[in-house]
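Reviewing the structure listed below.
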Amino acid sequence: MPIAAALAARKHPMSVLLIAGSTSEPSRSAALLDAAHTRLQAHGLRVQRLSVHDVSADALLRADFSDPSILAAVRQVAQARAIVIATPV
């Protein structure tokens, strides 16, 4: 069975998390994630995004794992069935 047909047959769409690691906006890596987002959704997948801008820089520097932005990011990663990461080189 082709992958697209197998994905379409699922009762619940598979979740994919796209993580943008660039500190620049806009960025080429974010543009790549935009293209991936469009293609994945076209195949019936549930797609979410996470950016380094969504996580508190201060909390990261202090390793404050109780920070709400870090907890939200960890929750997104834990719930994803697949993760696509794009970072600048």
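Evaluation of the side-chain hydrogen bond (donor to acceptor under 3.5 Å, both in side chains) rule for Arg28 yields no partner, not counting sequence neighbours. With sequence neighbours excluded, no residue satisfies side-chain hydrogen bond (donor to acceptor under 3.5 Å, both in side chains) with Ser22. Take Asp54 and apply the side chain to side chain contact (heavy atoms under 4.5 Å, CB included) test, not counting sequence neighbours, and it matches Leu50, Ser51. For Thr23, there are no side-chain hydrogen bond (donor to acceptor under 3.5 Å, both in side chains) partners two or more places apart in sequence or in a different chain.
The nearest pair of heavy atoms linking Ala86 to Leu33 is CB-CG, 3.6 Å. The minimum heavy-atom distance between His53 and Ser24, with the atom names listed, is NE2-N, 4.4 Å. Here the shortest heavy-atom pairing between Ala80 and Ser15 reads CA-OG, 3.5 Å.
Residues Leu32 and Ile19 do not share a hydrophobic cluster, clusters being chains of Ile/Leu/Val/Met/Phe/Trp/Tyr side chains in contact below 4.5 Å. Linking ILVMFWY residues whenever their side-chain heavy atoms come closer than 4.5 Å, directly or via other members, leaves Leu17 and Met14 in distinct clusters. Val55 and Leu61 are members of different hydrophobic clusters when ILVMFWY side chains are connected at heavy-atom separations under 4.5 Å. No continuous path of hydrophobic side-chain contacts links Val84 to Val77 [ILVMFWY only; heavy atoms under 4.5 Å].
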Open item on the list: One pair to check against side chain to side chain contact (heavy atoms under 4.5 Å, CB included): Leu18 and Leu40. What are the steps and the verdict?
Closed with: CA-CA 10 Å; Leu18 307 178; Leu40 291 166; 4.0 Å; yes
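Applying the salt bridge (Lys or Arg N to Asp or Glu O under 4.0 Å) test to pairs two or more places apart or on separate chains, those with a residue in residues 32-46 are Asp34-Arg49.
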Would you tabulate the side-chain donor-acceptor contacts of residues 66-73 under 3.5 Å, counting partners in other chains and residues two or more places apart, or write 'none'?
{"unit_1": "Ser66", "atom_1": "OG", "unit_2": "Asp64", "atom_2": "OD1", "d": "2.6"}
{"unit_1": "Asp67", "atom_1": "OD2", "unit_2": "Ser69", "atom_2": "N", "d": "2.8"}
{"unit_1": "Asp67", "atom_1": "OD2", "unit_2": "Ser69", "atom_2": "OG", "d": "2.4"}
{"unit_1": "Ser69", "atom_1": "OG", "unit_2": "Ser56", "atom_2": "N", "d": "2.9"}

